[in-house]
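To keep things clear, I will list the structure first and then write my remarks on it.
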Amino acid sequence: MKTRTNQGWCSGWGLAVLFCVTAAAQEIEIRRELLWQPGTARPVPITLTGFEGEVAAVLRFDLEVAGFQIVGPDAAQYELRGNRTGTGLQGTLVDRVSQAALFARAYSGASLRQQAHALADDVVLAVTGRPGIAQTRIAFKVESGGTSEIYVSDYDGHGARPVTRDRSLVAAPCWVPGRPVLYYTSYKSGSPDILRHDLTTGQRQVVAAHPGLNTSAAISPDGQRMAMILSKDGAPELYVARADGSDLKRLTFSREDESSPTWSPDGRWIGFATRQAGRRMLARISPGGGELQRIGTAGVANPSEPDWSPDGKWIAFTAQMGGFEICVVPAEGGAATVLVSGEDPSWAPNSRTLIFTRRQGDRRVLSLLDVATRQVKDVARVSGNSSQPSWAR
């Protein structure tokens with residue numbers, strides 16, 4: 001944000017403030033970034049007053065996912081006050097240290113659950129300077145009775161509905177950035193093909209049906225290109241094509257086990273999992289082709305299932321070290337941080353929250369992880385085993 005000030009400094013709880021002064025206008029460009037490294041941040045203490053029932057439950061869930069901790073008034077830095085107003089909702093956020101009201105707003109025109117999500121997002125924006133994620137959506141796979149279907153729901157698992165009803169097998173859903181469109185692998189035809197599915201019209205079309213395996217579609221940030229794994233030439237290899245499957249280009253020739261492509265947010269790189277001399281590793285390659293570059297993950301073994309954060313700073317992945325662990329590493333590679341047991345990580349639009357698959361006995365469920373504080377919340381469950389989540393961005 002931009003602001004004029006006569007002060008040479010500014011401060012904020014848990015915020016770093018960076019300055020760039022232009023001599024002509026004495027205008028200060030302030031960029032606020034959360035002071036956190038993966039797994040090291042303290043939750044932000046906040047107290048809730050005046051909320052009951054579903055609204056209170058939704059606010060608690062949303063704020064804890066966003067890195068807050070619900071505490072009593074004496075321990076809180078922030079206080080969120082509110083109440084029901086007929087079919088609407090009112091909320092006021094107060095900084096208890098300065099006694100300043102950060103906002104006071106009324107919400108209406110949607111369900112109480114949706115209004116509570118909107119209020120939670122406003123709290124996150126007011127405190128962190130970054131948009132909240134409580135009104136986003138996810139896609140995932142649900143297995144039951146020997147078949148699987150693609151589902152879409154709110155980010156917390158509520159409102160889940162099946163996108164497919166094929167009574168077949170599906171895998172690896174992936175959103176087109178900024179659009180209500182999914183790509184996924186389907187065995188509906190008897191072989192693993194990649195389909196494009198418009199959620200608005202319901203129209204489906206096959207975009208990759210080469211001999212052998214067609215899977216793990218990943219759409220570029222501009223929505224124009226598709227990375228995928230094909231085995232039409234033997235071993236599973238990484239390919240790139242236009243989003244409709246045309247102009248196919250093979251990128252890897254390792255004869256190893258390539259998997260899980262993910263695009264850098266600037267579209268310059270495709271990250272993926274591969275093997276070299278039998279050892280699993282993460283790598284990246286230009287979508288135009290060329291030599292692959294290793295992405296180091298020091299401290300962990302057998303990395304797979306990479307997902308590049310929308311801000312370009314991090315790669316989340318699964319490490320198999322006895323069990324499965326969710327890890328993050330700087331996008332250029334380096335020391336990896338082990339966060340929690342699980343697999344299938346997918347970044348939220350805020351580049352701070354992950355959704356992942358967690359094993360619970362014989363079941364697989366979806367959980368949300370605040371990477372900064374390691375706080376974990378399970379999403380609402382559907383019948384069957386849920387896995388392979390993808391977050392709409």
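Since the structure is predicted, the reported quantities are computational estimates derived from the model, not experimental observations. Computed from heavy atoms alone, side chains included, the values below leave out hydrogens, waters and symmetry copies.
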| message | Test of understanding: clusters of I, L, V, M, F, W, Y form through side-chain heavy atoms closer than 4.5 Å, transitively. Do Val340 and Ile355 belong to the same one? | response |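 No, because Val340 and Ile355 fall into different hydrophobic clusters, even though each may have its own neighbours under 4.5 Å.
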
Would you say the side-chain atoms of [X] pair up with the backbone N or O of [Y], donor to acceptor, closer than 3.5 Å?
X: Glu305; Y: Thr318; value: no
X: Gln203; Y: Asp198; value: no
X: Glu258; Y: Leu238; value: no
X: Thr47; Y: Val71; value: yes
X: Gln99; Y: Arg96; value: yes
X: Ser148; Y: Val170; value: yes
X: Arg363; Y: Val365; value: no
X: Ser220; Y: Gln224; value: yes
X: Asn302; Y: Gln320; value: yes
X: Thr262; Y: Gly271; value: no

N-O pairing of [X] and [Y] below 4.0 Å:
X: Arg393; Y: Asp307; result: yes
X: Glu237; Y: Lys232; result: no
X: Arg359; Y: Glu343; result: yes
X: Asp154; Y: Arg161; result: no
X: Arg280; Y: Asp257; result: yes

| field | Between OG on residue Ser186 and CG on residue Asp166, distance to nearest 0.5 Å | value | 5.0 Å

| request: Working to the nearest 0.5 Å, report the span between CH2 of Trp347 and CH2 of Trp308. | output: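 The distance works out to 13.0 Å.
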
Any luck finding a side-chain donor-acceptor pair between [X] and [Y] under 3.5 Å?
X: Tyr239; Y: Asp233; value: yes
X: Arg81; Y: Thr49; value: no
X: Asp62; Y: Tyr155; value: yes
X: Ser387; Y: Asp344; value: no

Please tabulate, for the side chains in residues 102-111, all donor-acceptor contacts under 3.5 angstrom to protein atoms that are two or more places apart in sequence or on a different chain.
unit_1, atom_1, unit_2, atom_2, d
Arg105, NH1, Asp122, OD2, 3.3
Tyr107, OH, Asp122, OD2, 2.5
Ser111, OG, Gln114, N, 3.1
Ser111, OG, Gln114, OE1, 3.2

| request: Begin with the C-alpha distance, continue with both residues' side-chain angles, and end with the deciding distance and a verdict on side-chain hydrogen bond (donor to acceptor under 3.5 Å, both in side chains) for Gln388 and Arg364. | output: CA-CA 10 Å; Gln388 299 182 355; Arg364 283 174 293 166; over 6 Å; no

Any idea which heavy atoms bring [X] and [Y] closest together, and the distance?
X: Leu63; Y: Ala120; value: CD2-O, 4.1 Å
X: Ala160; Y: Val382; value: CB-CG1, 3.6 Å
X: Pro265; Y: Pro310; value: CB-O, 3.2 Å

| request: Verify side-chain hydrogen bond (donor to acceptor under 3.5 Å, both in side chains) between Thr185 and Thr215, making sure each step is shown before the conclusion. | output: CA-CA 5 Å; Thr185 295; Thr215 194; 3.1 Å; yes

| Among Glu149, Lys188, Arg204, which residue meets the side chain to side chain donor-acceptor pair (under 3.5 Å) test with Thr164? | Glu149

| message | Applying the salt bridge (charged side-chain N to carboxylate O under 4.0 Å, His left out) criterion to Asp156, which one of Arg113, Lys377, Arg60, Arg137 satisfies it? | response | Arg113

| said: Which label fits Tyr184 and His197: parallel for a plane angle under 30°, tilted from 30 to 60°, or perpendicular past 60°? | reply: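 Tilted.
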
| Do Ile138 and Tyr151 have side chains that get closer than 4.5 Å, going by heavy atoms? | no

